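Inspection log for the structure reproduced underneath, given as structure tokens.
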Amino acid sequence: MTATLVDMGVHRGGSDKDAEFSAYMSARQPALYRTAYLLAGDHASAEDLLQVAFAKLYLSWDRVRDREALDGYVRRIMVNENSSLWRRAWKRREHTTDTLPETGTHDAYDDGMGGVLWSFVQTLPPKQRAVVVLRYYEQLSEAEIADALGISVGTVKSQASRALAGLRARAPRSLDPYDSGDEAR
């Protein structure tokens, strides 16, 4: 997925704003796409989420003073947009099924554990999922997550704790790295 301002239909000539934004978007798109995928759960939704985030960033480009914080700003847009998508009525009418219309292939070796764990992460509520994605997939600190989501560090900790407890409750014992196999714990 490599889009440019021309592809998005917003390039209006050679302005500095367009050049700066295009450079940022080209440089950061792969990393931000990964975050979008982890938040949305599938490639099509991730592409839509990232496109909306870039469009909103472009509209407010002149108001962003701290260019070093752009990634955090885009992550915040994606988290907010992803949360608002789940509140829409048409999204609540969609239901997952056990059978897929087509099967995908893996290019790299996968022992099956990552896919199983990811399926459990996808069942988390949106705020818990955002905390897990930003903490464990994006490797952000609790303070960075709190800043990105506009919540307190304590809320980040409690959401992470609830998410991990929920994951432990849903995951089979064979996935628990702390499970020694002893029933007498």
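Predicted model only: the values in this text are computed from it and were never measured.
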- request: Please step through side-chain contact (heavy atoms from CB on, under 4.5 Å) for the pair Tyr24 and Phe54, ending with a clear verdict.
  value: CA-CA 10 Å; Tyr24 170 76; Phe54 277 139; 4.0 Å; yes
Interatomic spacing from [atom1] in [X] to [atom2] in [Y] - rounded to 0.5 Å:
X      : Y      : atom1 : atom2 : result
Arg135 : Leu140 : CZ    : CG    : 8.5 Å
Ile145 : Lys157 : CD1   : NZ    : 11.5 Å
Ile77  : Leu49  : CD1   : CG    : 10.0 Å

Under 4.5 Å between side-chain heavy atoms, counting indirect links through other Ile/Leu/Val/Met/Phe/Trp/Tyr residues: same cluster for [X] and [Y] or not?
X      : Y      : result
Val52  : Leu50  : no
Leu164 : Val153 : no
Ile151 : Tyr136 : yes

field: Result of checking Asp71, Thr35, Val132 against Glu138 for side-chain contact (heavy atoms from CB on, under 4.5 Å)
entry: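 Answer after filtering Asp71, Thr35, Val132: Thr35.
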Compare every heavy atom of [Y] with every heavy atom of [X], then report the nearest pair and how far apart it is.
X      : Y      : answer
Leu32  : Arg75  : CD2-CG, 4.4 Å
Thr155 : Ser152 : OG1-OG, 2.9 Å
Glu144 : Ser141 : OE1-N, 2.8 Å
Asn82  : Leu39  : ND2-O, 3.3 Å
Ala36  : Met78  : CB-SD, 3.6 Å
Leu57  : Val74  : CD2-CG2, 3.6 Å

- request: Check the pair Leu124 / Arg170 against side-chain contact (heavy atoms from CB on, under 4.5 Å), numbers first and verdict last.
  value: CA-CA 10 Å; Leu124 293 172; Arg170 289 185 201 99; 3.7 Å; yes
So [Y] and [X], do their side chains get closer than 4.5 Å, heavy atoms only?
X     : Y     : answer
Tyr33 : His43 : yes
Tyr73 : Arg67 : no
Phe21 : Leu70 : no
Asp18 : Tyr58 : yes

- prompt: Among all residues two or more places apart in sequence or in another chain, which pass the side-chain contact (heavy atoms from CB on, under 4.5 Å) test with Ser161?
  reply: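 side-chain contact (heavy atoms from CB on, under 4.5 Å) check on Ser161 returns nothing, list empty.
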- prompt: Under 3.5 Å, is there a donor-acceptor pair between the side chain of Ser26 and the main chain of Ala23?
  reply: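 No, the answer is negative, given that no donor and acceptor are paired below the 3.5 Å cut-off.
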